[in-house]
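Taking it in order: structure first as structure tokens, then the write-up.
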Amino acid sequence: MCGIVGYIGTRDAYPVILKGLKRLEYRGYDSAGVALINGGLKVYKKKGRVADLEEILIGKAVSGHIGIGHTRWATHGEPSDRNAHPHVSNSGSFAMIHNGIIENYAQIKNELLKKGCTFKSDTDTEVLLNFIEDIKRNNEGTLEEALRYALKRITGAYCILLIDKDDPHTIIAARKGSPLVIGIGRHEHFLASDASPIVEYTKEVVYVNDYEIAIVRADELILKNLGNEKQTPFITKLDMELAAIEKGGYDHFMLKEIFEQPQTIYDCLRGRLDADKGTITMSGIQQYAEQIMHAPRIIMIACGTSWHAGLVAEYIFEELCRIPVEVEYASEFRYRHPVINKGDVIIAISQSGETADTLVAIETAKEQGAIILGVLNVVGSSIARVSHAGAYTHAGPEIGVASTKAFTAQLAVLTMIALKIAHQKKAIDEERYHVLCKELMAVPDKVAIVLEQNDNIKKLAEKYKDAYDFLYLGRGYNFPVALEGALKLKEISYIHAEGYPAAEMKHGPIALVDETLPVVFVATKDAYHQKIVSNMQEIKARKGKVISIITEGDEVSPALSDDVVIVPPADEIVAPMLSVIPLQLLAYYIGIAKGYDVDKPRNLAKSVTVE
Ligand code: AGP
């Protein structure tokens, strides 16, 4: 999932593009490149980070008021200088950058090869670019017309920016499936995959829709559909501050975002949950409350960490609302030809709101009559625009590739929705409802207490950083938290780790246990606690190293554990927002101890915008 930046206006384009690429580097960091027009087309690109590109451009001709820039997450063609974007057409006239995948590129490439076209890279992007040039040459039309025709012939996802050396006043852009935001300034326009490269220049933005082409000049922005009909740009105001996308004195965005959670969970509850009055106000959900209450089932659709939030929500919704819940991996749901019944409610959970698997899965379900509710963090994202309604998690921009604050905010929103529906449905009694409202409102302060264990967890990381494998175990609400802990460790430290329902261990994984295997138990006090203590004994009996996340006052688990992290007492329904924090910090500090770039883990990208 690449990062795309473009600029046209009165400033020098290169510094704007370079800064923008650095802001988008969490989307992909295999290579970077820039193309500028200034008395001809200048294209520079390099394998590696944006800083490596910046390095080779010191002293080079980088002036010009129009330019496009790209930071890559490799899909077609390995990370290398020649596969880096921008790509240049055979004639040398056009340069293009692309985020997405052209699925039928091989067939088009064969057609072009037969016509004598040559290729310098292995990418689908260079094929599309030369296809556009071929159409332009054969039809003697404009570049825009050639692009429109080409886009009708390709399949896949794309956000592309295209410039022509003979027209230094225009950037042509197009999107389908991959995000594109255009920032409107005075005599200038900014183009990017998300708002983070734009917010310091303007708060006025246009989110480009699927199948739209944008003709962008310093003083003009024209939107058209593939039918060549003009579309009215819908300008929205960004509610994001520059500080939110800076590190704020922390070494890494991941650590900053972990420590932001008392505030971000509070921001999520603020203006919605009034625990004293026992009211939950969620206008985006209220309008579908009847359908949710009487839904034959609720299907949570998501990927990665968001899928884990869906799994916690399954326990909560079934317990409180007594509505059957299924939790689906979006990528499997999409192609499994699922049975969608009228009235089924889909809850799409996504931090970025751009994850292609989730987006395509809910589009499929929507076509079959399901109601789509989004639980999303990025305002104006593609999933938000496909959903019928929903609730934002208000966690602020999440820059660290490993999702942390978005997860706890997702749990806070999903818990509020479940409580609201259960209360309206009278599925739980008043007393339980009010207790849970207070428990939820108490979470931000309790998370702040858990974060005080930071130094203790740093020591634990030092102790276990050389382990080859980890096992994470939990029961009930803590099972998905165990999965999340294992995912965080894998993402950040590249140590193999598995999350498992603690009881399931006896059916196989226990064979892995010996004195070299750290086993992390998410064992906060709940209805299953007695059971998980027995599981701890089973691990200890095989000399496994037990690290337990336990509730203050738990006198049994410490005796069975090599190391413990204590969290404040909390109802089992909200405890996952506490017990996950030590697991986020453990992964962070093990990654640091191993010398890895925890904000940009290898092979990963923040939002996966291709299937
Ligand atoms: C989590 O740390 C990962 N970044 C990844 O698993 C992520 O949760 C997944 O790609 C889903 O992203 P989304 O929430 O933006 O849809």
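Hydrogens, waters and symmetry mates play no part in the numbers below; they use all other heavy atoms, side chains included. Both counts, for ligands and for their atoms, begin at 1 and track the order of listing.
Heavy-atom distances between T358 and ligand 1 stay at or above 4.0 Å for every pair. Not close to ligand 1: S607, with no non-hydrogen atom less than 4.0 angstrom away. Using a 4.0 Å heavy-atom cutoff, E354 is absent from the residues neighbouring ligand 1.
Near Q351, meaning under 4.0 Å from any of its heavy atoms, are these atoms of ligand 1: 13 (P), 14 (O), 15 (O), 16 (O). For ligand 1, the atoms closer than 4.0 angstrom to any heavy atom of S306 are 8 (O), 13 (P), 14 (O). Close approach to S403 involves these atoms of ligand 1, each under 4.0 Å from a residue heavy atom: 1 (C), 2 (O). Under a 4.0 Å criterion applied to the non-hydrogen atoms of K488, ligand 1 contributes the atoms 1 (C), 2 (O). Against a heavy-atom cut-off of under 4.0 Å, A402 is close to the following atoms of ligand 1: 2 (O). Each of the atoms 13 (P), 15 (O), 16 (O) of ligand 1 lies under 4.0 Å from some heavy atom of S352.
Which of L604, V401, I301 comes nearest to atom 4 (N) of ligand 1 through a heavy atom is settled by distance: it is V401. Nearest-residue assignment for atom 10 (O) of ligand 1 (options V608, L487, V378; heavy-atom criterion): V608.
Taking CG of L24 as the start and OG of S196 as the end, the distance is 4.5 Å to the nearest 0.5 Å. Atom CD in Q453 sits 9.0 Å away from atom CG in L460 (nearest 0.5 Å). Interatomic distance, I457 CD1 to I549 CD1, rounded to the nearest 0.5 Å: 7.0 Å.
The shortest non-hydrogen separation linking A173 to L161 is CB-CD2, 3.4 Å. When all heavy atoms of G284 and A389 are compared, the closest pair comes out as O-CB, 3.0 Å. The minimum heavy-atom distance linking I101 with D124 is given by the pair CA-OD2, 3.4 Å.
A tilted orientation is assigned to the rings of Y596 and Y494, their planes being inclined by 30° to 60°. Note: F470 and Y464 have perpendicular aromatic rings, judged against thresholds of 30 and 60 degrees for the angle between ring planes. Using cut-offs of 30° and 60° on the angle between ring planes, the pair Y105 and H76 is perpendicular.
Between K606 and ligand 1, a contact under 3.5 Å exists for no N or O pair. For a threshold of 3.5 Å applied to N or O pairs, the pair formed by Q410 and ligand 1 contains no separation below that value.
Among protein heavy atoms, the minimum distance from atom 12 (O) of ligand 1 is reached at T355 OG1, 3.4 Å. Taking atom 9 (C) of ligand 1 as the reference point, the nearest protein heavy-atom neighbour is C303 O, 3.8 Å. Protein heavy atom nearest atom 6 (O) of ligand 1, with residue, atom name and distance: G304 CA, 3.3 Å. Looking only at heavy atoms of the protein, atom 1 (C) of ligand 1 is closest to T305 OG1, 3.1 Å. In this structure, atom 3 (C) of ligand 1 lies nearest to the protein heavy atom E491 OE2, 3.2 Å.
Partner R297 forms a salt bridge (Lys or Arg N to Asp or Glu O under 4.0 Å) with one of E326, E318, E314 and no other, that one being E326.
Between K22 and E25, none of the side-chain N atoms (NZ, or NE/NH1/NH2) sits under 4.0 Å from a carboxylate O, so this pair counts as no salt bridge.
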